Protein chains: 2
Amino acid sequence: MSLKPAAVKAAPGKPVTIMDVAKRAGVSKGLVSFALNDRPGVSPESRERILAAARELGWTPSLRARSLSTKRSFALGLVVGRTPEMLGADPFFPSFIAGVESVLAPEGRALVLSVVPDEEAELRTYRSLVADGRVDGVFLSDLRHNDPRIPLLMELGLPAVTLGRPEGLSPTEQNPSGRSPFPAVSIDDTLGITESVQYLAGLGHRRIAHVAGSASMLHGSRRRIAFDDAVRAAGLAECQTIETDFSIGAGAAATRRLLSQDEPPSAIVFANDPMAIAGLGVAHELGLTIPGDLSITGFDDINFARYVYPPLTTVRTTPAQWGQAAARTLLALMEHGSAPDLDLPAARLTVRGSAGAPVRSASGAASVAGSEPSR
Amino acid sequence: MSLKPAAVKAAPGKPVTIMDVAKRAGVSKGLVSFALNDRPGVSPESRERILAAARELGWTPSLRARSLSTKRSFALGLVVGRTPEMLGADPFFPSFIAGVESVLAPEGRALVLSVVPDEEAELRTYRSLVADGRVDGVFLSDLRHNDPRIPLLMELGLPAVTLGRPEGLSPTEQNPSGRSPFPAVSIDDTLGITESVQYLAGLGHRRIAHVAGSASMLHGSRRRIAFDDAVRAAGLAECQTIETDFSIGAGAAATRRLLSQDEPPSAIVFANDPMAIAGLGVAHELGLTIPGDLSITGFDDINFARYVYPPLTTVRTTPAQWGQAAARTLLALMEHGSAPDLDLPAARLTVRGSAGAPVRSASGAASVAGSEPSR
DNA sequence: TCGCAAGCCTGAACCGGTTTAGAGCTCTCA
DNA sequence: TGAGAGCTCTAAACCGGTTCAGGCTTGCGA
């Protein structure tokens, strides 16, 4: 009885099917299916015989056939609505995807990725993913106010997990409560902003500016609100906020604008690291010393943050863990029909060198023109 | 005759199938299939009637059923063998993927993405993608010497496109010529390195170092050879090369090592931008002025390059266009069974501020303090 | 007028699984 | 002893397309 190992598929002629296994085990193909999906109604002996036959033949059920009869695709989708530049600048997605993959791969699930430039293409993509039955569920990132994707996914009946808790959905006929029906996996990012402001205020900064992300994005406006709250709590005068689109270029432009004012801020809180790094560059270009003349904090703790000069004081997030948690939640949702919301540990401030005590504490900003103030 | 637009699927009950269309058009389902895939043997009238029926019912053929009977998946795969950190630091893949997507989406093809940490997982992933019939072809990036993926893909019979021309395959039984059977889409990256060295030499640099990528990667060793050649052509003494793994951290460490020598280089050519940016940080930290005390060039022209200080002189590559070209080539390969190699325009040097004339031309390292040379 | 080819079309097999109705058997309990 | 329950298992339908063998018309040349 030569038990050939699975690897020996020998004849490249025809792939082995469930029928081959059934014949070899001397049962019907239906029973093979039952055994494989370990469902009740198969005697232990038969089950063993069937599994052995499958092993010997090196048989794996055809995903395609399974897909057709079960109407599932065993794949999850991620649609990223960003321009290539925005995507490239921000390491969030690569890390997030790596986290997702680390959960999906062992489960035999694949990830279908789409990158689309605008909202119209984004919605169209969800529609076609569903129409083609490409995916069984999707990840929803970069939540926006009154996000059109949520009613769309409800309409399409596609399971989803949101990265963060959606808010500001206007109630619709289908969704009178205005609440998202999808589980949310969230990381509190307000604490990091709060800590940043507290830290800066504690160092003696009185004029702190905020280079915010797009207010149409939930995390953009949330961080902005956290900033305002923290500023108020710290008893600082009103502090300036500039809204951007989260892009590097916008971060540079905002920094330039802030620093060219009569009374420039002595510290800037950036809503993400790429903008903070651009801000660092602008400050250097203007001849400012960091953190002497200007303190800078970022958000995300991207890989670069540690290696720019001075190393960026920033808020550390963990996109890979977020990806893992989101993937697990989505799988659970699909398996049990529901899954609880999940809150990951809040993002905390990581202190490095880009923020420090201002050279002159409160009075006025150091003169900007010449690089060296007095000395 | 109410022609309901496709969008009106009304009854969410049962999805429309090819049978519904056949009935409505008064033909057999076989003929519908023929008409849809416009194959000969369908009269113009029938074809028109069938397409109209399909339109009226808003019918799209089921991808799953098509997959089962045609044994195709209408999806392409990309397996990225990088750690999350490496992936996140380098915007190559996001841009590349965006380019790929821009070609795939209109064709109704999807992209299946896998991120794996090591070579073993990488090879396993290709195997399971094929076993599951998830993809009809794959992109092969980050080519290595004697790349094990090439014989594997040949064995699996999976169409592929290589990013760059593979070399150094040892001949095997199946592949006695040792040549890759897959079309290659390449960008000459040696010109950029050559230009970098020429540019630096032209500015008066005599001691130019190279922080190279991993020599096990084809582009790593190719850039290194280009560097050596260019150095020789410029008549410079032997120049130092440090091999790294392309990571930011390694770039920083290499820079530190180079600059701590008795006779440090006056210019460093980095094999990618993340390392160059880290180099910039180290130089600043050591109190060096750039480009007065140290000139730096990078490779790739990532988004950050323009916004660091000083803006990075680097070699511009176009990953998105590479992605487009690779996707088109892969589609052509799958359609016609073969596709020609394609060479994209060579990457060229983009001059910004991070490289300049050394403060003191040849003799020794310049004094570090002042930033303005003479003017 | 017949034979034959070409064009159009149908019916059925097929892809490789899942699922369901029900057959056959054994066991239990009245 | 016989009805009914419970278990194991089979056969066949089904998912929704593609593909192929062959049937029916029609037209043309012999």
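Just so it is clear: chains get the letters A, B, ... in the order the sequence lines come, proteins before strands, and each one is counted from 1. Since this is a predicted model, take the numbers as computed values, not measurements.
An OP1 or OP2 oxygen of C:dG16 is reached within less than 4.0 angstrom by a side-chain nitrogen or oxygen of B:Lys71. Taking side-chain N and O atoms only, A:Arg66 has no distance below 4.0 Å to OP1 or OP2 of C:dG16. An OP1 or OP2 oxygen of D:dG16 is reached within less than 4.0 angstrom by no side-chain nitrogen or oxygen of B:Trp59. For the OP1/OP2 pair of D:dC9 and a distance below 4.0 Å, the side-chain nitrogens and oxygens of A:Ser46 include at least one atom meeting the criterion. When the side-chain nitrogen and oxygen atoms of A:Ser69 are compared with OP1 and OP2 of C:dT18, none of them lie within a distance under 4.0 Å. An OP1 or OP2 oxygen of C:dT18 is reached within less than 4.0 angstrom by no side-chain nitrogen or oxygen of A:Arg72. Side-chain nitrogen and oxygen atoms of B:Arg39 include none within less than 4.0 Å of the OP1 or OP2 phosphate oxygen of D:dT18.
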Could you walk me through whether A:Phe182 and A:Met154 pass the side chain to side chain contact (heavy atoms under 4.5 Å, CB included) test, one step at a time? CA-CA 9 Å; A:Phe182 304 119; A:Met154 292 175 67; 4.0 Å; yes
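B:Leu31 has its CG atom 16 Å from the P atom of C:dA12, to the nearest Å. Rounded to an integer number of Å, the gap from A:Ile18 CD1 to C:dT19 P is 11 Å. For the pair B:Phe34 CZ and C:dG11 P, the interatomic distance rounds to 14 Å; values are reported in whole Å. Residue B:Leu57 contributes atom CG, which lies 12 Å from atom P of D:dG17 at whole-angstrom precision. With rounding to whole Å, A:Ile50 atom CD1 is found 12 Å from C:dT18 atom P. Rounding to whole angstrom units, CG of residue B:Leu63 and C1' of D:dG16 are separated by 11 Å. Straight-line distance from the CE atom of A:Met19 to the P atom of C:dG17: 11 Å, rounded to whole Å. Following rounding to the nearest Å, A:Arg64 (CZ) and D:dG17 (C1') show an atom-to-atom distance of 13 Å.
If you check every strand for non-hydrogen atoms under 4.0 Å, A:Val42 touches sugar and phosphate atoms only. Note on A:Val27: only backbone sugar-phosphate atoms sit closer than 4.0 angstrom, heavy atoms only; bases stay farther off.
A donor-acceptor contact under 3.5 Å is not formed by the side chain of B:Lys29 with the base of D:dG16.
Between A:Arg328 and A:Glu107, none of the side-chain N atoms (NZ, or NE/NH1/NH2) sits under 4.0 Å from a carboxylate O, so this pair counts as no salt bridge. Salt-bridge check for B:Arg124 with B:Glu120: passed, with a basic side-chain N closer than 4.0 Å to an acidic carboxylate O. Look at A:Asp136 and A:Arg109 and you find no salt bridge, because none of the NZ, NE, NH1 or NH2 atoms lies under 4.0 Å from a carboxylate O.
Among C:dT18, C:dT10, D:dG17, the nucleotide with an atom closest to any side-chain atom of A:Thr70 is C:dT18. Checked against C:dC8, D:dT8, D:dT10, the side chain of B:Ser43 finds its nearest nucleotide in C:dC8.
Considering all non-hydrogen atoms of both residues, A:Thr17 and A:Trp59 come closest at C-NE1, 3.4 Å. Counting all heavy atoms, side chain and backbone alike, A:Ser73 lies closest to A:Gly133 at CB-O, 3.2 Å.
Along DNA chain C, the nucleotide closest to B:Gly41 and the one closest to B:Gly30 are compared, and the more 5′ of them pairs with B:Gly41. Each of B:Leu68 and B:Arg49 was assigned the nucleotide of DNA chain C with the nearest heavy atom; the assignment lying further toward the 5' end belongs to B:Arg49.
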